[in-house]
Asks: 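Pasting a structure here, questions to come.
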Amino acid sequence: MTTQQAENIIDSGSSGELLIQIRDLHKSFGNLEVLKGINLNVHKGDVLVLIGPSGSGKSTLLRSVNLLEKPTRGKVIFENEDVTQAGKKELYALRQRMGMVFQQFNLFPHLRVKDNITVSPRKVLKTPPEEAEKQAMELLTRVGLQDKWDEFPSRLSGGQKQRVAIVRALAMHPDVMLFDEPTSALDPEMVGEVLDVMKRLAADGMTMMVVTHEMRFARQVADYVLFLDDGIIMEAGTPEQIFDHPQQARTQDFLNKVL
Amino acid sequence: MIDLAKVWEIFITKFSVFMEGVGSTLELAFFTVLLGSVLGLFVAIFRRTKFWPLRIIMNIYVAFIRGTPLLVQVLIIVYGLPQLGFRLPRMTLCVIALVINSGAYMAELIRAGLQSVDQGQIEAADSLGMSSTQKMFNVVLPQAIKVTLPAVGNEFVAIIKESSVLYAVGVYELTYQAYKLASVNYRYIETLLVAALIYFVLTYVATKLLGLLERRMRRSDNAAG
């Protein structure tokens, strides 16, 4: 059993090198304290799945990693750089190495699929256009959407949009991928195609932090599962530990409701 | 009595005079909208900057222009600038006055357009490591401009009408031409009715054309957005 005390650091535990260190992370929105001191180590190659009731702070935790939310206290250290102390330019550079996938896809509606994928490599990384397009086509082919190259996002289904969004993030060659409820806005029949892409990504060794309600996915793919409740990591462990032998009453409660 | 035959006669016999006015009016409206959009765009962007003195100056500019009559602004620019040593052609001064006026209104329109861009778009751009400038030019502006274009069209129609205040400074736009004719032939009602009808045709046609353009854009929008 690993219950988090104030100084107790949850560690995803693999042998890979340390990629992300989260220390004493707090986040408040006005008077509402959403994160109440998170301590977490994420190792390279690990797949962490964050579960928990809505409002437990799991999305906020994920969004704090690339500073879409600015923590009120504590730090996030990514590849030995403190994200929370980074200046503007350092932050841009850090974010380039962290891919993010959103619940609502957030594809750029005014750009074709190819430009959605290549715009940041071209403009941010200054990759030559031909090279950026070549890489984009390879990635798009890997998710089976090469024939959507010239389409606008509005012509795609939700599952296709999300797969393009994953490719868009991958095109930056990130060292970690953050997934914020990537299948929650999808029609049920499209969840599978997105999870398949994520599974392959995990199998390829990508470091991933995934906020999700897909418990089967969590069980199959996660190296480590975090159960968040009321702004703290209530319980953490391997999928077997969390799903088969939850120690905390809150964890048992939650799993009874969702399984 | 209004002599309708006389209205027609004035229109036909003084056609070239009216058309000269129409030419100037359209020219003024065109350049005003073109340059006013550019000015409005810069003002709208500057109003979002973190550099507060610039922000305050822009806010004062917009508030001042929107809170004072166009005619007063025109008189200040057209007679004031030459007094300060800027000796420019009258037509140029008029365009400057209209652009300064229109820029403030455009800035508001563009601001609304910028605000209409979904927060998720900004977060996506942030998550890809784009800088503020890259985000503005690749993600926010293209979407904001699309939203703003119909309103810019309406501004064009509005300026066709509003530019009539320039008759007060003797620019040969439509109202001035009509007024000049009327003060010679003493047919005020008939002559000014001709001007009014021409204005109506101009704005009516412009509105219809813009509506057509907007519908076409929305169709490509469904394919695109």
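First the proteins, then the strands, lettered A, B, ... as listed; each starts at 1.
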Asks: Give, as side chain, backbone, both or neither, the part of A/Arg168 having an atom under 4.5 angstrom from any heavy atom of chain B.
Replies: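 It is both, since atoms from each part get that close.
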Asks: With a 4.5 Å limit on heavy-atom distance, are the side chains of A/Val83 and A/Leu91 in contact?
Replies: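 In short, these two side chains touch, coming nearer than 4.5 Å.
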Asks: Going by distance alone, is a donor N or O of one side chain under 3.5 Å from an acceptor N or O of the other, for A/Gln21 and A/Asn41?
Replies: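 A/Asn41 and A/Gln21 do not have a side-chain donor-acceptor pair below 3.5 Å.
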Asks: Chain B heavy atoms under 4.5 Å from A/Met172: which part of the residue, side chain, backbone, both or neither?
Replies: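 Interface part for A/Met172: side chain.
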Asks: Taking side chain as everything from C-beta outward and backbone as N, CA, C, O, which of these in B/Gln121 sits under 4.5 Å from a heavy atom of chain A? Side chain, backbone, both or neither.
Replies: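 Both backbone and side chain.
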Asks: Does A/Arg122 come within less than 4.0 Å of A/Glu133, counting only side-chain N to carboxylate O?
Replies: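 Looking at A/Arg122 and A/Glu133, the cut-off is not met.
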Asks: Among the options A/Leu125, A/Leu107, A/Leu94, pick out the one with the most heavy-atom pairs lying under 4.5 Å from chain B.
Replies: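 Ranked by heavy-atom pairs under 4.5 Å with chain B, first place is A/Leu107.
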Asks: Between B/Ser132, B/Ser131, B/Pro142, which residue shows the highest count of heavy-atom pairs closer than 4.5 Å to chain A?
Replies: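 Max contact count across the listed options: B/Ser131.
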Asks: Which heavy atom in A/Ala132 sits nearest to a heavy atom in A/Thr127, and how many Å separate them?
Replies: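 It is N-CG2, 3.8 Å.
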Asks: Can you name the nearest heavy-atom pair linking A/Thr141 to A/Gln146, along with the distance?
Replies: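 Nearest heavy atoms, A/Thr141 then A/Gln146: CA-OE1, 3.5 Å.
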